[in-house]
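To start, the structure under review is shown below, and the notes come after it.
Within every chain, numbering begins at 1; the chains are lettered A, B, ... in the order of the sequence lines, protein sequences first and strands thereafter.
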Amino acid sequence: MDKLHIYNTLSREKEEFEPIKEGFVGIYVCGPTVYGDPHLGHAKSYVSFDVVIRYLRYLGYKVRYVQNITDVGHLTDDADQGEDKLEKQAAIEKLEPMEIAEKYTYNYFRDMDKLGVQRPDISPRATGHIIEQIQMVEKLLENGHAYETDGNVYFDVSSDEDYGKLSGRDIEEQESGTRIETASDKQDPKDFALWKKADDGHIMKWPSPWGMGYPGWHVECSAMSTKYLGEHFDIHGGGMDNQFPHHECEIAQSEGAFNKPFANYWMHNNMVTLEGQKMGKSLGNAISLNEFFRGDHELLSRAWDPQIIRFFLLQSHYRSTTDFSEEALSSAENGLRTLQDILRLIEETEEGTGDAYDLEALKKSVESKLNDDFNTAQAIAVLFDELKKIRKQINSGEAPENLGDVRTFLHNFVDDVLGLWPEAEAAQSEDDKTEKLIELLIDIRNKARHNKNFELADAIRDQLEELDIKLMDSPEGTEFKIG
RNA sequence: GGCGACGUGGCCGAGUGGUUAGGCAGAGGUCUGCAAAACCUCCUACGGCGGUUCGAGUCCGCCCGUCGCCUCCA
């Protein structure tokens, strides 16, 4: 594809992307509720959108990326009952709710940083935008889309003809749904809370025109996206599991308050599964990212480098489920290593006198894959094919004359867009003495080889290998690699 | 029950109706004292049954199976 196309959940098809304002993109992605450590599912979502943001920038757009931090209002049951997730966790950990929020916000960014996820331009906290949320609720009351009963304010779903357009639900036919108990002061079970009255035991509460209370979960995203991106913006993203009710409610609120379209494109990433089951915190089968990084989980036999996880996720499409297994991770690791070995080779090789590599073709090919709804899996496949060609040319001794340009492009694409550039080699961090010692051993070994004392030569190689130092002989000499 | 997906070779995982996805693993070979790396070659699949078509993994129907949402979840 020549131009960027995005699968839009609203239309259920790929559409050519056209920003509202030429050259600019406003994008909002639903962030985490900070009451626990982020897990592999979060990684899939935020790594996916990270590439979306990076690619939009690569294409030359000026992007404003807003991703909220939910630190209040997210209840354990439906939007009307249940406890606040943060307050519940606070009770368990014997901390203030805001301590919980701080702690898990910190962990969230810590783990995302490790995955190479660039930080959003704005990370607004729900508790920092209570006023904006109240204003939005007032607007909805004015517009006849909401009603108040005894300190609670609900959105009147029957007032919104379009309700259900995102998730493809016919609300009339939903009538006999399986919803269990609902709050008795609602006019209709489908109505959802905009503002909740706080009872005495509730810690996080604020004064409002309707008394002390706290905002409903959905309203924060409407209020904060409007504040930073405007009433009408380009892209809204999030996990598929939030399509309904969360995103549906956001649309209802924003369009009900401002009488104009909300986000033009809705993007939803699919889930990570574990043995075919969705990985979710509340399902108890989630493995946190920190556990992956440390190998500290009963389902893990070892630690996994963040970059392997990033690569593993990008090898599948964001709209497909990704089934996790250590076997699959291990395959990803070997593949990534191959890819990065070639990148290092290109990095270290000088331009030669060989035929110019067809850089334009590579660029076009790889862009066409990402233009097709961010198909990172295919882009990576192209990289494997093409980088192997380049390696072959370099190994033939006739490095391409335009290798410098190739290198520049690879930095722009593999580093800046995919975020898969090899980290500095471990060997570089080893001190000089270690390096000299290894070289000494190599020297001794090569003398042994010269004297056909292969027994000694192999013993040196084998024993070094046990120390994670790998020797590779070639006609040009012996190289070593640590780790 | 309603809505929506998906079922691809040993594993993971892309696929715009018509020549190879790709990765991992495996086999054989070249190179090497032997390894490793690299290179060459091989392993060519689309849940089942019908249908549309000159031609279907790719469209349509039915069936089987799996999953997601409908209650918190990226």
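Listed candidates were B:rG22, B:rA74, B:rC12. Nearest to the side chain of A:A328 is B:rC12. Looking at the side chain of A:S320, the nearest of the listed nucleotides B:rA21, B:rA14, B:rA74 is B:rA14. Of all nucleotides listed (B:rG22, B:rC70, B:rC12), B:rG22 comes nearest to the side chain of A:F384. For A:R169, whose side chain is taken as the heavy atoms from C-beta onward, the closest listed nucleotide among B:rG2, B:rC11, B:rA74 is B:rG2.
Residues forming a side-chain hydrogen bond (donor to acceptor under 3.5 Å, both in side chains) with A:K205 (at least two apart in sequence, or on another chain): none. A:R319 is linked by a side-chain hydrogen bond (donor to acceptor under 3.5 Å, both in side chains) to A:D373, counting only residues two or more places apart in sequence or in another chain. For A:H202, the ring-ring contact (aromatic ring centres under 6.0 Å, His included) test picks out A:Y214, with sequence neighbours left out. Evaluation of the ring-ring contact (aromatic ring centres under 6.0 Å, His included) rule for A:F155 yields A:H145, A:F192 as partners, not counting sequence neighbours. Residues passing the ring-ring contact (aromatic ring centres under 6.0 Å, His included) test with A:Y55 are A:Y58, sequence neighbours excluded. Listed by chain and residue number, A:Y28, A:T70, A:E220 satisfy the side-chain hydrogen bond (donor to acceptor under 3.5 Å, both in side chains) test with A:N68 (two or more places apart in sequence, or in another chain). Evaluation of the ring-ring contact (aromatic ring centres under 6.0 Å, His included) rule for A:Y265 yields A:F17 as partners, not counting sequence neighbours.
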Please enumerate all protein N or O atoms sitting under 3.5 Å from an N or O of nucleotides 63-67 of chain B, with distances to 0.1 Å.
residue, atom, partner, partner atom, Å
B:rC67, OP1, A:Q277, NE2, 2.9

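Contacts of A:S167 with the nucleic acid, taken as non-hydrogen atoms under 4.0 Å apart, involve only primed sugar atoms and P, OP1 or OP2. Among the protein residues, A:M271 comes within range of the nucleic acid bases, having at least one heavy atom under 4.0 Å from a base atom. Within 4.0 Å (heavy atoms only), A:M1 reaches no atom of the nucleic acid at all. Nucleic acid contact for A:Y46: sugar-phosphate only, since backbone atoms but no base atoms lie under 4.0 Å from a heavy atom of the residue. A:S282 comes within 4.0 angstrom of a base, heavy atoms only. Heavy atoms of A:D372 sit nowhere under 4.0 angstrom from any nucleic acid atom. Residue-level contact check: A:V29 touches neither bases nor backbone, having no heavy atom under 4.0 Å from any strand.
Taking a 4.0 Å limit (strictly below) on heavy-atom distances, residues 32-45 of chain A reaches RNA chain B at A:H39, A:G41, A:H42, A:S45. Within residues 101-122 of chain A, no residue has any heavy atom under 4.0 Å from RNA chain B.
Shown here is A:K165, whose NZ atom has more than 12 heavy atoms of other residues, nucleotides or ligands within 6.0 Å. In this structure, A:D355 places its CG atom where only 12 or fewer heavy-atom neighbours from other residues, nucleotides or ligands lie under 6.0 Å away. Counting non-hydrogen atoms of neighbouring residues, nucleotides and ligands closer than 6.0 angstrom, the CG atom of A:D2 reaches no more than 12 such neighbours. In the displayed structure, A:F454 atom CZ is contacted under 6.0 Å by more than 12 heavy atoms of other residues, nucleotides or ligands.
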With sugar-phosphate taken as primed atoms, P, OP1 and OP2 and all else as base, the protein-contact string of nucleotides 28-42 of chain B at under 4.0 Å (heavy atoms; B, S, -) is -----BBBB-SSS--
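Between the P atom of B:rG22 and the CG atom of A:L314 lies a distance of 19 Å, rounded to the nearest Å. Rounded to whole Å, atom C1' of B:rA25 lies 14 Å from atom CD of A:E333. Atom pair A:I380:CD1 and B:rG23:P shows a separation of 12 Å (rounding to whole Å applied). At whole-Å resolution of the value, NE2 in A:H268 and C1' in B:rG68 are 13 Å apart. Whole-Å rounding puts the A:D241 CG to B:rA5 C1' distance at 14 Å. Between the CD atom of A:Q243 and the P atom of B:rG4 there is a distance of 11 Å, rounded to whole Å. With rounding to whole Å, A:L313 atom CG is found 11 Å from B:rG13 atom P. Rounded to whole Å, the distance from CG on A:L329 to P on B:rA25 is 14 Å.
Within the structure, a side-chain polar atom (N or O) of A:N375 is placed less than 4.0 Å from OP1 or OP2 of B:rG15. Between B:rG23 and A:N334, no contact under 4.0 Å exists linking OP1 or OP2 to a side-chain N or O.
A:R54 and A:D50 are joined by a salt bridge, as a carboxylate oxygen and a charged side-chain nitrogen come within less than 4.0 angstrom of each other. Taking 4.0 Å as the cut-off between side-chain N and carboxylate O, A:K447 and A:D443 count as a salt-bridged pair.
Using bins of under 30°, 30° to 60° and over 60° for the plane-to-plane angle, the ring pair A:Y318/A:F49 lands in the tilted bin. Between A:W217 and A:H246, the ring planes are parallel. Angles under 30° get that label, and only those over 60° would be called perpendicular.
As rounded to the nearest Å, B:rG23 and B:rA45 have C1' atoms that lie 16 Å from one another. Distance noted for atom C1' between B:rC11 and B:rC49: 29 Å (whole Å).
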* Could you walk me through whether A:R169 and A:E248 pass the side chain to side chain contact (heavy atoms under 4.5 Å, CB included) check? -> CA-CA 10 Å; A:R169 270 159 229 272; A:E248 197 71 70; 5.5 Å; no
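Seen from the ring of A:Y35, A:K281 counts as a face-on cation partner, given the 6.0 Å and 45° thresholds.
Closest-nucleotide positions on RNA chain B for A:E327 and A:Y318 were compared, and the one nearer the 5' end corresponds to A:E327. Nearer to the 5' terminus of RNA chain B, by closest-nucleotide assignment, is the contact made by A:F312 (compared with the other of A:S331 and A:F312).
Remark: RNA chain B takes part in the stems B:1-7 with B:64-70, B:10-12 with B:22-24, B:26-30 with B:38-42, B:47-51 with B:59-63, each of 3 or more antiparallel Watson-Crick or G-U pairs, criterion distances under 3.5 Å.
Just one of A:C30, A:S167, A:C221 meets the side-chain contact (heavy atoms from CB on, under 4.5 Å) condition when paired with A:H247; it is A:C30.
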